[in-house]
Chemist: 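Please find one structure pasted underneath; my questions will follow.
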Amino acid sequence: MTLLIQYTLVFASVLLLVALGGAFSEHSGVINLGLEGIMVMGALGGALAMKYVPVSVGPFGMLAAVVLASALFGFLFSCLLGIASVNLNADQTLVGTAMNMIATAAATVIVKAINQAENPDNVSATLKYVEQKQFFLIHVGGFELTWFMVLAVILLIVAFYLMYKTKFGLRLRACGENPHAADSVGINVYKMRWAGVLISGILGGLGGLVYITSGVSEWKFETGVAGFGFLSLAVMIFGQWKPLNIGLAALLFGFFRALGNVYQGFSWLTALHIPSAVYNMMPYIVSLVVLAFTSKNSRAPKAEGIPYDKSVR
């Protein structure tokens with residue numbers, strides 16, 4: 001049971017961060033289907049920081065370095081979506097799909113190049129961070145948690161406050177509902193959409209970092225992030241684009257994903273003789289079922305996915 005709770009919180013943290021990022025982007029009016037790719041690039045940034053930042057900086061220094069690196073890589077990669085979708089009015093679905101394909105390929109090439117430069121015989125796309133990972137662990141009783149879980153909770157609170165208690169949040173949501181009305185009262189729709197996209201890049205990058213440090217001490221970038229970006233979109237929709245609802249939805253989906261890791265610890269589950277692949281499929285099956293029954297009542301921002309043209313009324 002302890003492991004189930006631990007893994008649930010780990011996976012929920014990943015889903016929470018990435019889904020919050022998607023919510024900010026879509027509230028601004030831009031659909032970010034490139035969250036999967038942003039996660040990969042954020043994971044790459046964090047892994048490189050763990051590789052090159054000396055362990056002598058200590059736990060706080062290492063934590064700050066990897067968080068900043070992941071956020072920066074996610075931020076920069078999300079600029080592709082901003083340029084294509086906000087400035088060039090490109091199809092947001094196609095742009096997001098292309099970003100997902102580019103990210104895994106680019107990360108694989110970069111990591112292989114780094115490994116070969118250090119050892120010509122090493123052609124793997126794997127980065128290791130055994131010692132560095134110990135800096136992120138928190139032991140509370142019999143639980144082994146990470147500082148990233150604390151960060152996820154803090155960012156959830158910040159996201160709620162930013163979205164509903166500030167002028168920025170009101171303007172952001174206005175641009176996703178009726179950008180022409182927002183423009184008529186002096187709100188710069190392009191800037192607000194850029195802000196939503198960049199925030200989604202930062203949060204998505206952090207989600208990628210949390211994913212690759214969840215229970216493992218190395219990551220093979222050829223494997224990507226196993227569809228967690230798309231699963232986060234399901235969490236966002238199920239949570240109705242609202243931060244607190246997204247937090248609850250992340251716990252639900254995180255629980256089903258955790259079952260794939262710890263089901264062997266429950267005798268009544270192993271007695272069912274269900275293949276392990278089925279447990280790994282559970283969060284995706286649940287997402288299909290949940291969205292099938294809830295998507296009709298979902299209240300997505302009305303102008304999401306629609307390129308903004310200032311000259312059209």
Side-chain angles (χ1 to χ4, degrees), residues 16-35 38 71-72 74-96 99 154-207 232-250 294-313:
L16 171 62
L17 289 169
V18 183
L20 284 176
F24 271 98
S25 181
E26 296 203 9
H27 272 302
S28 74
V30 178
I31 297 176
N32 190 351
L33 289 184
L35 288 171
I38 290 173
L72 178 61
F75 176 92
L76 293 175
F77 192 64
S78 66
C79 288
L80 295 177
L81 178 63
I83 293 170
S85 298
V86 180
N87 294 96
L88 302 179
N89 289 340
D91 186 289
Q92 296 169 15
T93 303
L94 294 178
V95 174
M99 288 173 64
I154 293 173
L155 290 177
L156 172 61
I157 297 171
V158 171
F160 175 80
Y161 180 81
L162 195 62
M163 191 82 74
Y164 296 107
K165 303 296 181 181
T166 65
K167 290 182 180 179
F168 171 82
L170 179 62
R171 292 172 178 174
L172 186 79
R173 289 182 286 122
C175 291
E177 292 292 335
N178 193 327
H180 290 98
D183 187 32
S184 68
V185 295
I187 299 173
N188 190 318
V189 177
Y190 297 111
K191 286 185 178 180
M192 296 309 298
R193 290 195 166 184
W194 260 103
V197 168
L198 294 178
I199 291 173
S200 74
I202 292 171
L203 293 174
L206 292 175
S232 297
L233 290 173
V235 170
M236 178 191 68
I237 296 170
F238 186 47
Q240 294 293 296
W241 293 265
K242 298 178 180 179
L244 297 183
N245 291 352
I246 287 174
L248 296 175
T294 62
S295 58
K296 289 184 179 180
N297 299 319
S298 64
R299 297 181 179 179
K302 294 180 181 179
E304 68 167 4
I306 303 174
Y308 177 65
D309 187 346
K310 189 179 180 70
S311 64
V312 177
R313 294 287 181 178

Chemist: Please report the shortest heavy-atom distance between I246 and A19, naming the atom on each side.
Modeler: CG2-CB, 3.6 Å
Chemist: Could you pull out the closest heavy-atom pair between L35 and S200, with the gap in Å?
Modeler: CD2-O, 4.3 Å
Chemist: Roughly how far, to the nearest 0.5 Å, is CG of L206 from CG of L155?
Modeler: 6.5 Å
Chemist: Rounded to the nearest 0.5 Å, what separation is found between the CG atom of N188 and the CG atom of D183?
Modeler: 7.5 Å
Chemist: What's the shortest heavy-atom distance between A303 and C175, and which atoms?
Modeler: CB-O, 4.2 Å
Chemist: Enter the distance from N178:CG to K302:NZ here, rounded to the nearest 0.5 Å.
Modeler: 8.5 Å
Chemist: Under the side-chain hydrogen bond (donor to acceptor under 3.5 Å, both in side chains) definition, can you give me all pairs with a residue in residues 76-90, not counting sequence neighbours?
Modeler: N87-W194
Chemist: Considering residues at least two apart in sequence or located in another chain, which fulfil the side-chain contact (heavy atoms from CB on, under 4.5 Å) criterion with L88?
Modeler: I83
Chemist: When you measure from the side chain of H27 to the backbone N and O of L170, does any donor-acceptor pair fall under 3.5 Å?
Modeler: no
Chemist: Between side-chain atoms of residues 233-243 and protein atoms elsewhere (two or more places apart, or another chain), which donor-acceptor pairs fall under 3.5 Å?
Modeler:
from: Q240; atom 1: OE1; to: R299; atom 2: N; distance (Å): 3.0
from: Q240; atom 1: NE2; to: I237; atom 2: O; distance (Å): 3.3
from: W241; atom 1: NE1; to: E26; atom 2: OE1; distance (Å): 2.8

Chemist: What residues form a side chain to side chain donor-acceptor pair (under 3.5 Å) with S232, not counting sequence neighbours?
Modeler: none
Chemist: Within a strict 4.5 Å, meaning less than it, do heavy atoms of the S25 and I199 side chains meet?
Modeler: no
Chemist: Who are the ring-ring contact (aromatic ring centres under 6.0 Å, His included) partners of Y161, not counting sequence neighbours?
Modeler: none
Chemist: Does the side chain of V95 reach to within under 4.5 Å of the side chain of L80, using non-hydrogen atoms?
Modeler: no
Chemist: Of all the heavy-atom pairs spanning I38 and G74, show the shortest one and how long it is.
Modeler: CG2-CA, 4.0 Å
Chemist: Going by the rule ring-ring contact (aromatic ring centres under 6.0 Å, His included), which residues pair with Y190 if we only count those two or more places apart in sequence or in a different chain?
Modeler: Y308
Chemist: Taking all non-hydrogen atoms of both residues, which atom of L162 and which atom of T166 are closest, and how far apart?
Modeler: O-OG1, 2.5 Å
Chemist: What pair of heavy atoms forms the shortest contact from G82 to V197, and how long is it?
Modeler: N-CG1, 3.9 Å
Chemist: Working to the nearest 0.5 angstrom, can you tell me the gap between L81 CG and Q92 CD?
Modeler: 7.0 Å
Chemist: Kindly compute the distance separating CG (L198) from CG (L203), expressed to the nearest 0.5 Å.
Modeler: 11.0 Å
Chemist: Within this structure, what is the OH-CZ distance for the pair Y164 and R173, rounded to the nearest 0.5 Å?
Modeler: 6.0 Å
Chemist: Applying side-chain contact (heavy atoms from CB on, under 4.5 Å), can you list everything that pairs with A195, at least two apart in sequence or on another chain?
Modeler: F168
